[in-house]
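The sequence lines fix the lettering, A, B, ..., with proteins before strands; numbering per chain opens at 1. What you see is a predicted model, and the numbers here were worked out from it, not measured in a lab.
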Amino acid sequence: MKRLLTTLLLPLLLTGCSTESLADRAYTQAVALHGTAPVRVTVRCFDETDCRTSTGTDVPAALRETAALAGGEVFLGHTELLCTDGTVPPATLRAMLDEEGVSPACRVFYAPPPFLARDEAATTVHTLRMAEQSGLLPTADLASALDEWCGVCRTALVPGQGDGLPAIVLLRDDGRTTRLTDEAVQGMALLRVPRGRFQMRAPDGENVTVTRVRRHVRASADDVSLTLTLHTEGDGAVLRPYVQTLCETAVAEMCVARADVLGLEAAMARADLPLDPEAFPPVNVIVEVK
Amino acid sequence: MRQILRPGQLFALLTVAGVWQIVCLPEQARGVMGYAGALAIQVLLLIPAMLLIGQGRPFEDVIERKKPIGWTMIGYCILWGARTLTQLRTAVPTRMQTVPGRGTTAVLLLVTVLYTATIGIRAAGRSAPPVLAVALVSAIVLTVGAWRRADLDALTLRVDVPAAAAYVAGTGEAALLWPLAGRTGRGAVRAGMAYLAVRCLLCVGMTVLCLTAGGRLTQGAYPFFTLAALSQPLQGQRADALFILVFMMLAVMQLTLFAGTAAHLARVMHPRLRGTAAAALAGMLLLTLLPADVIETAATSLLPAAAGLLPAATLAAAASRRRAVA
């Protein structure tokens with residue numbers, strides 16, 4: 001029994017539990033990255049309005065300098081917002097996930113580093129979350145952005161600075177951006193499959209409760225069909241033409257921008273078809289309301 | 001002769017080692033159907049060993065008379081232990097280390113394994129069931145955390161032959177079924193079959209998660225570590241601490257299995273030998289000086305011989321002796 005316990009307990013010595021107190025750590029709410037070698041890292045902590053900016057050959061080096069400024073280890077596990085101005089390669093953001101412990105649900109936000117010093121930076125994440133739950137903005141986070149940058153189109157859908165609600169931007173890995181129109185944003189919000197229930201206002205002013213959204217993409221040699229199914233309470237048929245227009249606008253702007261943020265590449269790969277970023281196949285949008 | 005391990009302990013020990021190999025799979029499979037064929041190949045490979053176990057012919061009796069077989073298996077264990085150390089050095093990201101610095105982690109790990117291997121393979125066998133339970137709980141946590149991102153449309157049933165081949169090639173612990181079975185008989189055979197089945201199921205589960213929840217992010221090298229980063233079982237928080245803990249426990253058990261088995265077999269053949277566990281570990285460390293691909297090739301090449309050919313040759317030799325006597 002003693003041997004059994006010892007064998008079990010010994011590996012626990014390898015856990016390297018931290019002896020630091022909470023006061024010795026700087027819990028970051030938002031991080032902004034700019035540039036590559038050197039990288040400029042701006043950090044904003046919870047309940048603080050001041051930001052700390054450091055420069056380093058890479059992100060870990062810059063964070064070590066930030067730790068010295070903050071007087072404690074910079075802890076990124078609770079980071080809610082990761083700002084990029086397009087000058088940072090996706091590999092650096094990938095390292096934030098893999099090596100620095102940033103949550104995959106952290107929001108990637110297209111904005112220059114000075115944005116962090118503004119009051120709205122602290123509430124941006126809350127605004128994004130509420131807007132996504134209400135079906136006003138498409139869902140997007142660090143994991144989805146990194147996944148989209150891995151595709152052949154190398155473009156991710158990320159929120160960015162806007163008037164009122166954040167704008168939605170298609171951000172290429174080389175920093176070029178395309179801003180979606182309001183109509184395309186509404187369509188993309190549905191096509192990105194929002195979770196939970198939300199209300200949609202039909203053109204005639206009637207509010208319809210959408211309980212579930214499903215998206216299915218199927219590819220063939222001739223075209224790609226994207227089927228969006230909305231489950232509603234009551235008579236949701238009034239929504240169909242309206243949603244059809246929104247979705248077609250979103251898909252059209254996405255194709256013009258040579259971006260794939262709706263899983264076209266994956267669907268074509270399942271059919272053993274490659275996706276050519278320079279020659280998008282025709283995409284048929286089918287909207288069903290149940 | 002005292003029984004080495006009970007069937008449940010044998011199952012747990014082999015499965016824990018199998019979980020380690022699954023965690024360190026170098027690439028994500030593109031489909032899940034290939035694993036059925038891989039499982040069939042593994043069962044075929046282990047049939048001679050299971051027949052010997054079922055006939056009540058323990059490995060220890062064989063190596064007492066034919067010591068080259070014993071030393072071959074010891075060399076096999078040392079080679080696979082070196083492969084594990086190489087995987088720790090090359091495949092594992094730094095955030096999976098429990099303390100800063102790869103050197104510090106390595107020293108702590110080796111000291112722990114030296115102790116666990118020295119106290120004997122039976123102690124490792126008694127430790128294996130709780131470690132397996134913790135590993136399975138963490139697998140559930142990983143699944144719950146990653147499932148919110150799952151897109152079932154991405155699941156493909158195609159056959160990925162290279163992935164299936166890599167899966168079979170990584171089943172180094174299977175060759176230890178006969179050496180560790182002792183005189184357990186049919187219990188060990190059932191334990192062996194259960195181990196193969198559970199191992200396959202766990203690998204299929206991880207592949208499903210990678211395909212549906214990991215997407216293109218897990219198409220790079222060593223997808224498990226990316227999957228662990230994507231898993232959020234606690235709402236917005238990651239569960240890295242749990243996976244780090246389990247990962248290190250698996251590493252300790254994996255190395256203990258091979259070092260402990262090598263030490264046990266050496267003492268069976270030469271009871272007066274001392275320091276066999278330390279010698280086995282030292283041999284593993286020496287081998288890690290070789291290039292990683294050399295170790296990988298040597299280890300996977302020896303697997304069919306150790307797991308299949310050796311028991312088959314023993315069966316054939318026993319059958320020819322019976323015919324000669326008759």
**Asked** With respect to chain A, which residue among B:Ala154, B:Gly31, B:Ser231 yields the maximal number of heavy-atom pairs within a distance under 4.5 Å?
**Response** B:Ala154

**Request:** Go through B:Thr156, B:Val134, B:Thr256, B:Leu230 and name the one with the most non-hydrogen pairs under 4.5 angstrom from chain A.
**Result:** B:Leu230

**Item:** Top contributor to chain B interface from A:Ala266, A:Gly151, A:Cys106 [non-hydrogen pairs under 4.5 Å]
**Value:** A:Gly151

**Fill in**
Greatest number of non-hydrogen atom pairs under 4.5 angstrom with chain B, of A:Glu265, A:Glu148, A:Glu80, A:Arg94, falls to A:Arg94

Non-hydrogen atoms of [X] and [Y] that approach each other most closely:
| X | Y | answer |
| --- | --- | --- |
| B:Gly214 | A:Asp147 | O-OD1, 4.1 Å |
| B:Leu217 | A:Cys150 | CD2-SG, 4.0 Å |
| B:Arg149 | A:Ala105 | NH2-N, 3.7 Å |

**Item:** Which atoms of A:Val193 approach chain B - backbone, side chain, both or neither, heavy atom under 4.5 Å
**Value:** neither

**Item:** Side chain / backbone / both / neither for A:Ala267 at chain B, heavy atoms under 4.5 Å
**Value:** neither

**Item:** Heavy-atom contact with chain A under 4.5 Å, split by part of B:Arg158
**Value:** side chain

**Message:** Are there residues of residues 212-219 of chain A whose heavy atoms fall under 4.5 Å of chain B's heavy atoms? If so, which?
**Reply:** A:Arg215, A:His216, A:Val217

**Message:** Taking CD in B:Gln219 as the centre, count heavy atoms belonging to other residues, nucleotides or ligands within less than 6.0 Å. Is the count above 12?
**Reply:** yes

**Message:** Tell me if the CE atom of B:Met33 is crowded by more than 12 foreign heavy atoms within 6.0 Å.
**Reply:** no

